[in-house]
Amino acid sequence: MRRPTRGRVPLLVALPSLVGLAFLLVPLVGLLARAPWSTLGTRLVGPEVGQALLLSLTCASLATVLCLVLGVPLAWLLARTELPGRGVLRALVTVPLVLPPVVGGVALLLVLGRRGLVGQYLHDWFGVSLPFTTAGVVVAEAFVAMPFLVIAVEGALRAADPRFEEAAATLGATRWVAFRRVTLPSIMPGLVAGTVLCWARALGEFGATITFAGNFPGRTTTMPLAVYLALETDPGAAIALSIVLLVVSVAVLVSLRDRWIGGAP
Amino acid sequence: MRSTLPAAVPLLLAAALSACGSPEPAAGGEVVVFAAASLTETFTELGTRFEDANPGTTVTVSFGGSSGLATQIVEGAPVDVFASASPATMDQVVEADAVSGKPAVFARNALEIAVPAGNPGRVTGLADFGDEDRTIALCAEQVPCGAAARQALASAGVAAKPDTLEQDVRAVLTKVELGEVDAALVYHTDVLAAGDEVEGIALPESAAAVNDYLVATLAEAPNPDRAAAFVAFVRSEQGRSVLADAGFQAP
């Protein structure tokens, strides 16, 4: 493998990359510059903030688990089988990426709401109604975030050489052992990247959540919803909440990255 | 993608140039209006009529929760006219010295109970809003319809048990239209706008929950002449009849 190039970075790369970096980071600076630092402490001690933050972290994590349970098998199906119409299927999986999240939320209501295609039976037979519940938040977040995981894992699976699995099989490994000991380690970077993206997208989810799960403190008000509603009357409070969400999510992502893949070089 | 690029460039240039304040013909130009979500139908109609009466003028209306719109104006959005659903949200803009002249009340709107067609939750009055078993939607207190709802419920002595506090009145209405909630508090005009899918139950306490709608031209208006003309049109005989047809009360 070639070592990364040392020395001078070509200007054609340096200039746009610096502009790109500034483009991504300057809005963050704007948030920090406008933050009400003197009153930050008093703004953030309210029970609502802790409640919303805990709810956000819990729901994003549960949504990520749901995406892993459903998404990894789906990625395997797309990458490793000769399913007819696989190309169309792959395109359909990415629909939640291009759909405005609010529309995704309405679509979920039409299917899982208590008058919905499926939801009416859930409601009539089991008394289960997902809208306006914490479970509804998890469903909305998983709907929007799962494509990130599926695409990342599918890409990793297609890049991994299936002959190693076949070799493991000839040496007597069961399919599960071959998957766990051979396939999984080889797709690990893709799986981690997909999981992190999925979690991050779920954490920041707003449109589908407020449309499908509504907004009620302690039950469905996640941080992005709290930020949006605070913005209606008190931009300072909204900025303070955003900073908390940013700090917590960056801390989680950095620590997980170090732990899972031993720190990137 | 490539083929659309040459067409997009002159457009962008034109937009950039007009944003730099190149003089517009006196009678024409664009009027940018920020209006409360509950004004969606009426202000779309008023915009079209104003355009018809003033050839060469275009009216662009952006609808949303009044508080969010007020925040955007205070943060410097280039807007000519603001129409809010409550004095409190207009005050936000007035306090930031962002209006020119005095805001005027141009319409009033009463709260009403909205239920899905057929009233599946058998809701009869505000007292049902305190029932844990019914699914109830209200506006969040940060937006005018939420503040009005709180006032109405308080004056009726009902401790409401809402399941969701929505970001604007139209989001509440959507939940009713889809039958996902048993009852909600919205404006009378919203019930009318929703047509057959929603039934309204008038509030006996409605006197306590009538909202004033205010309109003002803004200090930073890019097109102050047309802005003033549009506000005058909203308050004119013709403007009032459009508002009255939608169920608004005269100020």
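Just so you know, these numbers come straight off a predicted model, no measurement behind them. Naming convention: chains lettered A, B, ... in sequence-line order (proteins, then strands); numbering from 1 in each chain.
- Among residues 170-182 of chain B, the residues having any heavy atom closer than 4.5 Å to a heavy atom of chain A are, in sequence order, B/K175, B/L178, B/G179, B/E180, B/V181, B/D182.
- Within residues 125-142 of chain A, the residues having any heavy atom under 4.5 Å from a heavy atom of chain B are, by residue number, A/P131, A/F132.
- If you take CG on B/D163 and CZ on A/R219, they are separated by 5.5 Å, rounding to the nearest 0.5 Å.
- For B/Q142, the parts lying under 4.5 angstrom from a heavy atom of chain A are both the backbone and the side chain.
- Counting heavy-atom pairs closer than 4.5 Å to chain B, the top-ranked of the candidates A/T220, A/T221, A/T211 is A/T211.
- When each of A/N215, A/L229, A/L225 is tested with B/L165 by the rule side chain to side chain contact (heavy atoms under 4.5 Å, CB included), just one qualifies, namely A/N215.
- The two residues A/I210 and B/E166 make their nearest non-hydrogen contact at O-OE1, 4.0 Å.
- Heavy-atom distances place no part of B/Q72 under 4.5 Å from chain A, backbone and side chain included.
- Here A/L109 is the residue among A/L110, A/L231, A/L109 with the most heavy-atom pairs under 4.5 Å with chain B.
- In A/R34, the CZ atom is not crowded: 12 or fewer heavy atoms of neighbouring residues, nucleotides or ligands sit closer than 6.0 Å.
- Other residues, nucleotides and ligands contribute at most 12 non-hydrogen atoms within 6.0 Å of the CD atom of B/E220.
- In terms of non-hydrogen atom pairs under 4.5 Å with chain A, the most contact-rich of B/G64, B/P116, B/P162, B/A70 is B/P162.
- Under a cut-off of 6.0 angstrom, the local environment of CG in A/L12 is sparse, with at most 12 non-hydrogen atoms contributed by other residues, nucleotides or ligands.
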